[in-house]
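Take a look at the structure below.
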Amino acid sequence: MRDDRPDETRRTRLSRTFDEDAELYDRARPGYPAELFDDLDALAGTGPGCRVLEVGAGTGKATVPLAERGCRITAVELGADMAAVARRNLARFESVDVVTADFETWPLPSEPFDAVVSATAFHWIDPAVRMTRAADALRPGGALAVVATQHVAGGSEEFFAEVQGCYERFDPATPPGLRPPAADDVDTSDHGHEVARSGRFGPVTVRRHEWDLAYTTSEYLDVLRTYSGHRALPPESREGLLGCVAGLIDGRYGGRITKRYLTELRVSRTV
């Protein structure tokens with residue numbers, strides 16, 4: 001199972017759940033490793049003066065570091081509450097404009113961008129139009145930079161094996177015996193195939209970073225509350241699941257676990 005490949009029949013509905021509690025999302029969701037932004041500079045040309053269109057900016061988790069590096073950013077975010085938090089987080093940057101709109105129908109500016117960046121959001125955009133729209137927004141030779149975040153094996157591995165019992169109990173859609181994959185086993189070549197099919201971009205260059213983040217019980221429950229699949233559960237099932245997870249962390253792991261993330265950057269340029 002891939003974190004960046006939602007069920008297409010539920011994609012639109014799930015994508016709307018993030019705006020239900022934008023403050024929680026901003027507080028609980030992690031940012032990105034600094035090395036990712038070094039890679040963006042090297043591969044996508046972000047940096048001082050670069051005109052960036054960010055797709056699915058959320059509350060600005062990637063926007064703020066890009067702005068700190070001197071990018072001029074138009075950040076498009078569908079959720080009104082998420083966009084409001086992003087504007088607050090980015091208020092000190094005069095060269096950032098946060099637009100509340102859906103990328104699929106937002107009128108593209110007449111001046112093309114140097115880079116289109118989408119951090120843990122591109123998979124929520126309609127696959128029928130996302131490549132074409134991104135290409136149309138870019139200058140010749142401009143870069144499409146898609147960031148994906150995966151949960152992979154590592155960190156508190158025994159916890160992530162045991163916690164599947166909670167998911168199987170409270171979420172009947174959970175495949176039995178599900179485990180986080182090893183980072184080397186995460187196959188994201190489907191993005192490269194999508195890029196190639198579009199006929200609008202050259203080859204994809206990929207950079208990967210694995211990193212660990214420690215959570216207390218309450219911190220981990222908060223981040224789970226921001227996940228679309230958890231938010232979409234019936235309230236009774238969701239609270240039962242969270243209670244089961246909390247009991248496991250407190251009872252067997254001393255109130256603290258570590259989660260390993262894989263952050264993948266995929267960059268391609270218009271042809």
Side-chain angles (χ1 to χ4, degrees), residues 2-9 11-12 14-15 32 36-58 61-63 65-67 69 71-78 96-150 186-209 262-271:
R2 286 254 304 279
D3 295 334
D4 64 338
R5 195 158 57 189
D7 178 357
E8 185 59 25
T9 64
R11 175 180 54 79
T12 299
L14 291 176
S15 70
Y32 299 94
L36 171 71
F37 298 96
D38 294 336
D39 289 342
L40 276 166
D41 286 354
L43 299 177
T46 55
C50 179
R51 292 191 71 248
V52 173
L53 170 60
E54 187 182 5
V55 178
K61 294 289 183 179
T63 326
L66 287 170
R69 289 173 178 247
C71 295
R72 295 180 293 151
I73 306 168
T74 299
V76 178
E77 168 53 44
L78 174 64
V96 177
D97 181 28
V98 179
V99 178
T100 305
D102 64 275
F103 177 62
E104 291 90 336
T105 62
W106 176 63
L108 295 174
S110 57
E111 184 182 357
F113 292 88
D114 299 312
V116 170
V117 177
S118 187
T120 319
F122 203 63
H123 53 284
W124 296 116
I125 305 301
D126 185 350
V129 302
R130 61 193 177 199
M131 285 295 168
T132 299
R133 293 277 292 167
D136 288 346
L138 287 164
R139 62 169 173 79
L144 170 62
V146 174
V147 179
T149 302
Q150 314 284 349
V186 177
D187 179 6
T188 58
S189 60
D190 54 312
H191 177 78
H193 298 324
E194 183 181 1
V195 168
R197 285 194 306 271
S198 76
R200 302 291 301 274
F201 296 93
V204 179
T205 301
V206 176
R207 294 288 185 272
R208 286 182 160 192
H209 300 282
L262 170 66
T263 297
E264 183 177 83
L265 172 64
R266 312 154 182 172
V267 178
S268 49
R269 290 187 174 271
T270 54
V271 295

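The first residue of the sequence shown is numbered 1, and numbering continues consecutively from there. Worth knowing before you read on, the calculation uses all heavy atoms, side chains too, and leaves out hydrogens, waters and symmetry mates.
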Between [atom1] of [X] and [atom2] of [Y], what distance do you get to the nearest 0.5 Å?
X	Y	atom1	atom2	value
Arg133	Leu138	CZ	CG	12.0 Å
Leu265	Asp38	CG	CG	11.0 Å
Trp106	Leu108	CH2	CG	6.0 Å
His191	Leu144	NE2	CG	5.5 Å
Thr74	Phe113	OG1	CZ	4.0 Å
Leu262	His209	CG	NE2	9.5 Å

Item to check | side chain to side chain contact (heavy atoms under 4.5 Å, CB included) partner of Gln150, the single match among Thr188, Thr263, Thr120 | outcome: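 Single side chain to side chain contact (heavy atoms under 4.5 Å, CB included) partner of Gln150 among Thr188, Thr263, Thr120: Thr188.
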Next on the checklist: By the side chain to side chain donor-acceptor pair (under 3.5 Å) test, which pairs, at least two apart or in different chains, include something from residues 44-53?
Outcome noted: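 Every side chain to side chain donor-acceptor pair (under 3.5 Å) pair that includes a residue of residues 44-53, provided the two are not neighbours, is Asp41-Thr46.
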Under the 3.5 angstrom rule, does the side chain of [X] hit a backbone N or O of [Y] as a donor-acceptor pair?
X	Y	result
Arg207	Asp39	no
Thr270	Ala135	no
Thr132	Val129	no
Arg269	Gly141	yes

Next on the checklist: Is there a side chain to side chain contact (heavy atoms under 4.5 Å, CB included) between Glu264 and Val186? Walk through the geometry before answering.
Outcome noted: CA-CA 10 Å; Glu264 183 177 83; Val186 177; 5.8 Å; no
Can you name the closest pair of heavy atoms from [X] and [Y] and give their distance?
X	Y	answer
Ala134	Val116	O-CG2, 3.9 Å
Glu54	Ala62	OE2-CB, 3.9 Å
Val271	Gly202	CG1-N, 3.4 Å
Tyr32	Thr149	CE2-OG1, 3.7 Å
Ala115	Ala44	CB-O, 4.1 Å
Glu77	Gly58	OE1-N, 2.7 Å

Next on the checklist: Considering only residues two or more places apart or on different chains, which pairs with a residue in residues 134-143 satisfy salt bridge (Lys or Arg N to Asp or Glu O under 4.0 Å)?
Outcome noted: Asp114-Arg139, Asp136-Arg200
Checklist outcome for this item: side-chain contact (heavy atoms from CB on, under 4.5 Å) filter on Ser118, not counting sequence neighbours, yields Val55, Ala121, Phe122
Item to check | Residues Asp190 and Arg197 bridged, charged N to O under 4.0 Å | outcome: no
